[in-house]
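Encoded as structure tokens, the structure appears first; notes follow it.
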Amino acid sequence: MLQVNVLRTNPEWVKERLAVKNFKQIELVDEIVALDNERKKTQLEFDNTQAKINTSSKEIGKLMGQGKKEEADGMRLEVGNWKLEVSTYGEKLVEIEKQLHDKLIVLPNLPAEQVPLGKTPEENVSVKEAGTKPSLYAGAKPHWDLIEQYNLVDFELGSKITGRGFPVYKGKGARFQRAMIQYFLDYNTSAGYTEFIPPFMVNEASAYGTGQLPDKEGQMYHVTADGFYLIPTAEVPVTNIYRDTILKEDDLPIKMTAYSPCFRREAGSFGKDVRGLNRVHQFEKVEIIQIVQPERSYEVLDEMVAHVEKLLQNLELPYRILRLCGGDMGFASALTYDFEVWSAAQERWLEVSSVSNFETFQTNRMKCRIKNSEGKMQVAHSLNGSSLALPRIYAALLENNQTAEGIQLPKVLHSYFGGEMIN
RNA sequence: GGUGAGAUGGAUGAGUGGCUGAAAUCAGUAGUUUGCUAAACUGCCGUACGGGUUAAACUGUACCAAGGGUUCGAAUCCCUUUCUCACCGCCA
């Protein structure tokens, strides 16, 4: 959620930025500023009347103590009238605040200056492409066939147990997955990230805090009996660790990493894009999250991008890094880099990580603030990224590294997997 | 799931209707003093939204788990919800 302050002090700039994100209801900005002015006015009226009541109530107490009952009763009448007044202002205030909130919640985060203009994924800007795309031997297969050949993942079994999009990993296929999770976590913790194992379901307040609610409700699985949501990413529970928190400068930066399964309903997806591990309802992911001082957040974003890049290099995968254009960015993000790896048999890029700076968008909602040495309060910045989402890495590694003898694994995984090859 | 006890500021913890936005202690912080490590003393030390100011100072309101109610006046009384702890039951 944007801070009202920003709209108040610089409405024209806000409108211009919103346009970059292809946001249509620009008029909301003026409406919000007007409502905010009204809010302040009403607040003042409310406070002044309430102050009169408070003063008189104390007075009544004194009079009662002195046994001056008649005087006290007179004041009671007066206070009674003010109370009516105050409750009117109170109701008005509640109404205004509700409207203000409802309008504010609709606004996406403002894109940073570097965000390219554009509406569709085609207009994302590739900032780097590295690694060599392998040339596969004749008869090379897409990962869904390799998975079957080596008996690694069983989709039909998952359908039987749960439904489409819930793969069952088995044998070496399960071990391979676990090896990657273990390696990714080790890689992250050795870079100073503290490891967490969070709850895999969250309450409404948490889903709201990171921006999944109210607008992305349909993407999450909802446990109605208890009012919980299955997490679509570890970002949700882990970032919410710092909900309603006041941090000291010394505490920063907060660097956290967590493995979790991720549950996404992905309503409406179909076709070849969803074949195999390309898109599933339950997948595994290792996430990195940072909470930092505002002045440092873009430096930290670069650091996180470099961190993920190195991980892909270690996995010896060809990748490219995209800076997302305004129209393709997430609602809560100010600047996002997507990482894609080349899937040699499918001959397409697969998104495996998305690293974003949310600036104050999440932290403002979550009330996560920093108190500096002078006692000044400021809203922290939050960032996160995947390092990495597993299924597509899984797919790319299988496809790119297939040989007639089996799947040749990258060196960094050998000790984790307990072997050099899947065969 | 059952029964009981709780929820107060960074922590411990007092407070059962007005003088309590909240004692006290600890932690933190600024300073004074004693020639070190350290100790003693003094001041400051919650958040939000306003007013005010160049900025401060100053000042109004709200907040003692959350929401509602009673009252001229609520941390304190009543109702609802949530959470925590203990014991029992069930269970990985």
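Lettering follows sequence order; numbering is per chain, from 1. Bear in mind that the values here come from a model prediction, so they are computed numbers and not experimental data.
- Following rounding to the nearest Å, A/Asp226 (CG) and B/U81 (C1') show an atom-to-atom distance of 16 Å.
- Panel note: side chain A/Asn109, backbone A/Ala332; a donor-acceptor pair is recorded below 3.5 Å.
- Checked by atom type and distance alone, the side chain of A/Asn400 never pairs as donor or acceptor with a backbone atom of A/Leu397 at under 3.5 Å.
- At most 12 heavy atoms of other shown residues, nucleotides or ligands fall within 6.0 angstrom of atom NZ in A/Lys119.
- By the 6.0 Å contact criterion, NZ on A/Lys367 is open, its count of non-hydrogen atoms from other residues, nucleotides or ligands being 12 or less.
- For A/Glu148, the CD atom sits in a loose shell: 12 or fewer heavy atoms of surrounding residues, nucleotides or ligands are nearer than 6.0 Å.
- Atom CG of A/Leu93 is separated from atom P of B/A48 by 18 Å (rounded to the nearest Å).
- For RNA chain B, the residues of residues 364-372 of chain A within the heavy-atom distance limit of 4.0 Å (strictly under) are A/Arg369, A/Lys371, sorted by number.
- Partners of A/His222 under the side chain to side chain donor-acceptor pair (under 3.5 Å) rule, at least two apart in sequence or in another chain, do not exist in this structure.
- With hydrogens and angles disregarded, no donor-acceptor distance shorter than 3.5 Å links the side chain of A/Arg265 to the backbone of A/Tyr221.
- Screening residues 3-14 of chain A for side chain to side chain donor-acceptor pair (under 3.5 Å) gives A/Gln3-A/Thr360, A/Asn5-A/Arg8, A/Arg8-A/Asp36, A/Glu12-A/Lys15 as the qualifying pairs, with residues at least two apart or on separate chains.
- Separating the P atom of B/G43 from that of B/G6 is a span of 37 Å, rounded to the nearest Å.
- Separation of the P atoms belonging to B/U32 and B/C49 is 36 Å when rounded to the nearest angstrom.
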Table please: side-chain donor-acceptor pairs of residues 194-205 of chain A below 3.5 Å, with sequence neighbours left out.
residue: A/Asn203; atom: OD1; partner: A/Ala205; partner atom: N; Å: 3.3
residue: A/Asn203; atom: OD1; partner: A/Ser206; partner atom: N; Å: 3.0
residue: A/Asn203; atom: OD1; partner: A/Ser206; partner atom: OG; Å: 3.1

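- Here B/A11 presents its C1' atom at 15 Å from CD1 of A/Ile246, a figure rounded to the nearest Å.
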Contacts under 3.5 angstrom, residues 383-393 of chain A side chains, donor-acceptor by atom type, not counting sequence neighbours:
residue: A/Asn384; atom: ND2; partner: A/Glu235; partner atom: OE1; Å: 3.3
residue: A/Asn384; atom: ND2; partner: A/Glu235; partner atom: OE2; Å: 3.4
residue: A/Ser386; atom: OG; partner: A/Ser354; partner atom: N; Å: 3.3
residue: A/Ser387; atom: OG; partner: A/Asn188; partner atom: OD1; Å: 3.2
residue: A/Ser387; atom: OG; partner: A/Asn188; partner atom: ND2; Å: 2.7
residue: A/Arg392; atom: NE; partner: A/Asn278; partner atom: O; Å: 2.7
residue: A/Arg392; atom: NH1; partner: A/Glu351; partner atom: O; Å: 2.8
residue: A/Arg392; atom: NH2; partner: A/Asn278; partner atom: O; Å: 2.9

remark   = For nucleotides 49-74 of chain B, 5' to 3', base contacts (B), sugar-phosphate-only contacts (S) and non-contacts (-) with protein non-hydrogen atoms under 4.0 Å give SSS--------BSS---------BS-

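- If you take CG of A/Asp244 and P of B/G46, they are 19 Å apart, rounded to a whole angstrom.
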Contacts under 3.5 Å, N or O only, protein and nucleotides 89-92 of chain B:
none

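- Taking atom P on both B/U16 and B/A65, the two are 15 Å apart, rounded to the nearest angstrom.
- Comparing B/A24 with B/C78, their C1' atoms sit 31 Å apart, to the nearest whole Å.
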ask   = For RNA chain B, what dot-bracket results from Watson-Crick or G-U pairs at under 3.5 Å, with [ ] for crossers and | for inter-strand partners?
value = ((((((((.[[[..)..(.....]]].(((((.(...).))))).((((((......)))))).[[[[[..)....]]]]])))))))....

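- One P atom belongs to B/C45, the other to B/A40, and the distance between them is 22 Å to the nearest Å.
- Atom-to-atom, CD of A/Glu249 to P of B/G28 comes out at 18 Å; the value is rounded to the nearest Å.
- Residues passing the side chain to side chain donor-acceptor pair (under 3.5 Å) test with A/Gln43, sequence neighbours excluded: A/Asp47.
- Sorted by first and then second residue, the side chain to side chain donor-acceptor pair (under 3.5 Å) pairs with a member in residues 406-416 of chain A read A/Asp186-A/Tyr416; sequence neighbours excluded.
- Residue pairs that meet the side chain to side chain donor-acceptor pair (under 3.5 Å) test with at least one member in residues 78-96 of chain A, sequence neighbours left out, are A/Glu95-A/Gln99.
- For residues 358-387 of chain A, the ring-ring contact (aromatic ring centres under 6.0 Å, His included) pairs, not counting sequence neighbours, are A/Phe331-A/Phe361.
- Distance check on atom P: B/U8 versus B/C77 gives 15 Å, rounded to whole Å.
- When the P atom is used for both B/A27 and B/U42, the distance is 15 Å, rounded to whole Å.
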